[in-house]
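Worth saying up front: this structure is predicted, and the values here are computed from it rather than measured. We number each residue from 1, following the sequence as shown.
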Amino acid sequence: MNWMNQLNERANLMGRMLQSIGALKGLPDGEIADIDLETAARRCMCCRETEACARWLESHPDGSGGPMKDCPNSALFSSWMQS
């Protein structure tokens, strides 16, 4: 997979995860949000659990009360849920 396809795949998974857990409403504003989103995107790009992530998302079509346990962004995404 070329890097552009990988970038698109990971962005899609990350967006679906945020939507599934309801964290989009809690995204912080400003510079902190930019830094946090960049960090989350980098973690997602390096993650080796994309197949597990996709399966987890498929198994939670109506949403979830929290992110996938093994997600490298689990703590960050959970903090956005509480905002």
Could you tabulate the donor-acceptor pairs under 3.5 Å formed by side-chain atoms of residues 9-17, not counting sequence neighbours?
{"from": "R10", "atom 1": "NH1", "to": "C44", "atom 2": "O", "distance (Å)": "2.6"}
{"from": "R10", "atom 1": "NH1", "to": "M45", "atom 2": "O", "distance (Å)": "2.9"}
{"from": "R10", "atom 1": "NH1", "to": "C47", "atom 2": "O", "distance (Å)": "3.0"}
{"from": "R16", "atom 1": "NH2", "to": "E58", "atom 2": "OE2", "distance (Å)": "2.9"}

Sub-3.5 Å donor-acceptor pair from the side chain of N73 to the main-chain atoms of L76, do we have one? no
Interatomic distance, CG@N2 vs CG@L7, rounded to 0.5 Å, equals 10.0 Å
Can you confirm whether more than 12 heavy atoms, excluding those of Q6, are under 6.0 Å from its CD atom? yes
Quick test of your reading: applying ring-ring contact (aromatic ring centres under 6.0 Å, His included), list the pairs with at least one residue in residues 34-65, sequence neighbours left out, ordered by first then second residue. W56-H60
Is there a chain of hydrophobic side chains (I, L, V, M, F, W, Y, each step under 4.5 Å between heavy atoms) that links F77 to I35? no
Once rounded to the nearest 0.5 Å, what's the spacing between atom CG of L27 and atom CG of L37? 5.5 Å
Which distance, rounded to the nearest 0.5 Å, do you find between the CZ of R48 and the SG of C53? 15.5 Å
Can you check whether S78 reaches P67 side chain to side chain, under 4.5 Å on heavy atoms? yes
The side chain to side chain contact (heavy atoms under 4.5 Å, CB included) partners of D29 (sequence neighbours excluded) come to none
Let me confirm one number: the CE-OG distance from M68 to S20, rounded to the nearest 0.5 Å. 11.5 Å
